[in-house]
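First comes the structure, then the notes that go with it.
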Amino acid sequence: MEQNKPQTEQELTQQAAVRRQKLADLCEAGHNPFEITKYAQDAYSADLKNEFADLPAEAETGKIVSLAGRMMSKRIMGKASFAHLRDQKGDIQIFVKRDLLGDEAYAAFKKLDIGDIIGVKGEVFRTKMGEISVRISELTLLSKSLLPLPEKFHGLTDREARYRQRYVDLIMNPEVKDTFVKRSLILKEIRAYLDEKGFLEVDTPILTPFEIGASARPFYTHHNTLNMDMVLRIETELYLKRLIVGGMDRVYEVGRIFRNEGMDPKHNPEFTTIELYQAFTDFHGMMDLVEEMYKRLALKVCGSLEITYQGKQIDMGHWERLTMVEAVKKYSGVDFNDWKTDEDAIAAAKEHHVELPEVPTKGAILAEFFDAFVEDKLIQPTFIYDYPVEISPLAKRKPTDPAFTERFEYFIDCTEYGNAFSELNDPIDQKARFERQVAERKAIEPDCKAQVDYDYVSALEYGLPPTGGLGFGVDRLVMLLTDSASIRDVLLFPTMKPIDQ
């Protein structure tokens with residue numbers, strides 16, 4: 001079936017046609033399940049199994065419960081049958097006996113299909129085979145499943161289908177739900193940590209008035225009333241720092257970001273970041289915050305500072321700290337301090353077969369050496385700091401060496417997880433960097449619509465205190481802490497190309 005196209009009767013499988021006939025028969029008999037609006041649910045599978053974990057075989061509890069969920073199996077055995085009900089917390093067996101349920105209700109149960117949503121009421125007991133079960137005295141069909149569940153809906157061959165039909169994936173592969181429960185826990189724990197540190201969670205605009213000069217490509221849309229093109233944000237940074245100017249000294253945002261760029265196992269066009277800004281600290285303060293927060297998350301989510309990611313042991317308890325110059329020298333043998341001019345750097349790049357950047361300056365070439373020689377060596381958590389000013393338009397220059405900025409990125413398993421600065425608060429320097437950035441973009445792409453955000457420069461002119469800022473991707477962090485290979489595994493509804501294209 002092509003996605004987002006209605007089925008014709010000819011396209012319905014025989015099983016689906018039978019289910020629709022069952023629904024028609026129910027409606028004709030005055031039992032339309034879709035007219036039911038609620039069900040009194042007072043217990044869950046996992047809680048009952050925990051509560052009666054020590055109950056002996058064939059023992060009764062006397063406890064009457066009401067459960068609701070999806071029927072995942074059914075085994076008809078004459079006057080008594082078994083089925084499994086899956087609710088929010090797991091699966092539990094139900095025992096259906098004709099003498100207890102009644103002839104008419106038992107006959108109705110036998111006509112139910114795998115996938116139907118049911119509500120049941122009955123007594124908890126343990127079977128002779130040792131399984132905690134519910135002997136039901138009442139059964140209600142709450143929603144009819146009109147499409148049969150697939151027999152096999154897991155493994156690499158079905159991964160595309162799983163992403164497209166996440167609702168089926170969640171039904172058929174309960175472990176998938178665990179990943180998203182952990183995602184929610186991670187976000188909850190990050191918020192708790194930042195709240196304890198005195199940060200205030202805020203919201204800033206998703207629709208912005210123009211494209212800024214950054215290298216990330218935006219999505220455009222149009223506002224009809226204002227008759228103006230608008231841009232979906234590629235970051236939350238500039239609005240959050242306006243709030244620091246306004247006296248909100250510690251702010252953060254869990255923000256959906258949109259970038260009109262490529263897709264791969266680590267990139268999706270829309271993704272979630274957390275950016276936070278703290279007045280009166282610097283990038284070293286942000287380093288300490290990252291290390292403390294990631295250790296807390298590892299313990300909370302994984303139960304240990306030693307975690308496994310894609311077969312590799314990662315020690316979240318130990319973080320190395322290297323400048324970019326130190327890292328490049330360590331892994332390539334090339335010393336930035338030996339380059340006196342841009343031409344020296346270009347010659348070194350050619351000698352070591354390093355790709356030249358669009359604007360081949362010493363600092364930009366150092367970053368290319370880092371990409372070529374260093375990043376794929378950084379398996380254990382590592383802070384790389386002191387970045388060239390050419391690739392850090394929003395970071396404060398180092399007072400001792402203005403060719404570099406007070407910026408770091410941190411890497412785990414050869415992947416960048418976050419980016420932080422001592423924020424640039426000199427409006428004159430910021431204006432010049434923005435204008436140079438936009439000019440360089442337009443030189444490469446004459447048709448690009450990038451503009452300088454002069455309102456942000458005006459905000460800086462009112463005074464931005466010394467500030468530490470940090471941004472990191474939530475999706476990559478969830479991948480790490482759930483041992484997920486692809487960003488699509490941690491997004492409930494990843495961006496997908498339509499089937500008919």
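Heavy-atom basis, side chains included; hydrogens, waters and symmetry copies ignored.
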Tell me, do [X] and [Y] make a side-chain contact under 4.5 Å, heavy atoms counted?
X: Met479; Y: Ile487; result: yes
X: Thr272; Y: Ile257; result: no
X: Val457; Y: Lys431; result: yes
X: Pro218; Y: Arg233; result: no
X: Phe370; Y: Pro388; result: no
X: Ile444; Y: Glu358; result: yes
X: Glu160; Y: Met496; result: yes
X: Thr281; Y: Pro466; result: no

Counting distance only, does the side-chain N/O of [X] pair as donor-acceptor with the main-chain N or O of [Y] below 3.5 Å?
X: Thr273; Y: Glu275; value: no
X: Lys177; Y: Gln88; value: yes
X: Asp264; Y: Lys266; value: yes
X: Ser422; Y: Phe283; value: yes
X: Arg407; Y: Ile391; value: yes
X: Lys49; Y: Asp91; value: yes
X: Arg166; Y: Leu492; value: yes
X: Glu416; Y: Gly418; value: yes
X: Asp282; Y: Gly285; value: yes
X: Ser45; Y: Gly90; value: yes

Using only heavy-atom distances, determine whether the side chains of [X] and [Y] contain a donor-acceptor pair under 3.5 Å.
X: Glu409; Y: Tyr387; result: yes
X: Asp489; Y: Tyr163; result: yes
X: Tyr39; Y: Gln41; result: no

To check you understand the geometry: which heavy-atom pair defines the closest contact between [X] and [Y], and what is its length?
X: Pro150; Y: Met172; value: O-CE, 3.0 Å
X: Ala403; Y: Glu390; value: O-OE1, 4.3 Å
X: Ile379; Y: Ile314; value: O-CD1, 3.6 Å
X: Leu67; Y: Ala43; value: CD2-O, 3.1 Å
X: Leu481; Y: Cys302; value: O-SG, 3.5 Å
X: Gly363; Y: Phe336; value: N-CE1, 4.3 Å

Decide yes or no on side chain to side chain donor-acceptor pair (under 3.5 Å) for His267 and Arg476, but give the supporting numbers first.
CA-CA 9 Å; His267 295 89; Arg476 287 188 185 179; 3.1 Å; yes
Salt-bridged, Lys330 to Glu326, with N to O below 4.0 Å?
no
Under the criterion side chain to side chain donor-acceptor pair (under 3.5 Å), which of Tyr417, Trp319, Tyr410 is the partner of Tyr294?
Tyr410
Looking at Asp429, Thr405, Asn425, which hits side chain to side chain donor-acceptor pair (under 3.5 Å) with Lys396?
Asn425
List the steps and the verdict of salt bridge (Lys or Arg N to Asp or Glu O under 4.0 Å) for Asp426 and Arg397.
CA-CA 10 Å; Asp426 178 345; Arg397 293 177 191 264; over 6 Å; no
Test side chain to side chain donor-acceptor pair (under 3.5 Å) on Tyr252 and Asp195 and set out the steps.
CA-CA 9 Å; Tyr252 74 94; Asp195 292 346; 3.0 Å; yes
Check whether the ring centres of [X] and [Y] lie less than 6.0 Å apart, and answer yes or no.
X: Trp339; Y: Phe369; value: yes
X: Phe411; Y: Phe383; value: no
X: Phe219; Y: Phe258; value: no

Glu196 vs Arg191, salt bridge (Lys or Arg N to Asp or Glu O under 4.0 Å): CA-CA, chis, key distance, verdict
CA-CA 8 Å; Glu196 287 169 16; Arg191 283 185 164 104; over 6 Å; no
Row check, [Y] ring normal vs [X] NZ/CZ: under 6.0 Å, within 45°:
X: Lys329; Y: Phe373; result: no
X: Lys398; Y: Phe404; result: no
X: Arg250; Y: Phe199; result: yes
X: Arg242; Y: Tyr239; result: yes

Around atom [atom1] of [X], are there more than 12 heavy atoms of other residues, nucleotides or ligands at under 6.0 Å?
X: Lys188; atom1: NZ; answer: no
X: Glu355; atom1: CD; answer: no
X: Asp338; atom1: CG; answer: yes
X: Ile428; atom1: CD1; answer: no

Take His222 and Asp229 through the side chain to side chain donor-acceptor pair (under 3.5 Å) test and state the conclusion after the steps.
CA-CA 4 Å; His222 187 79; Asp229 286 341; 2.9 Å; yes
Can you list the steps and then say if Lys362 with Asp342 is a salt bridge (Lys or Arg N to Asp or Glu O under 4.0 Å)?
CA-CA 5 Å; Lys362 285 168 57 181; Asp342 292 342; over 6 Å; no
Nearest 0.5 angstrom please: Ser392 OG to Arg433 CZ, how far?
8.0 Å
Dump the intermediate steps for side chain to side chain donor-acceptor pair (under 3.5 Å) on Asp483 and Gln310, then the final yes or no.
CA-CA 6 Å; Asp483 196 12; Gln310 300 298 293; 2.9 Å; yes
Evaluate the salt bridge (Lys or Arg N to Asp or Glu O under 4.0 Å) criterion for residues Glu211 and Arg441: first the C-alpha distance (whole Å), next the side-chain angles of each, then the deciding distance (0.1 Å), finally the verdict.
CA-CA 12 Å; Glu211 177 181 350; Arg441 272 284 306 277; 2.8 Å; yes
Plane angle bin for Phe434 and Tyr456 - parallel if under 30°, tilted between 30 and 60°, otherwise perpendicular
tilted
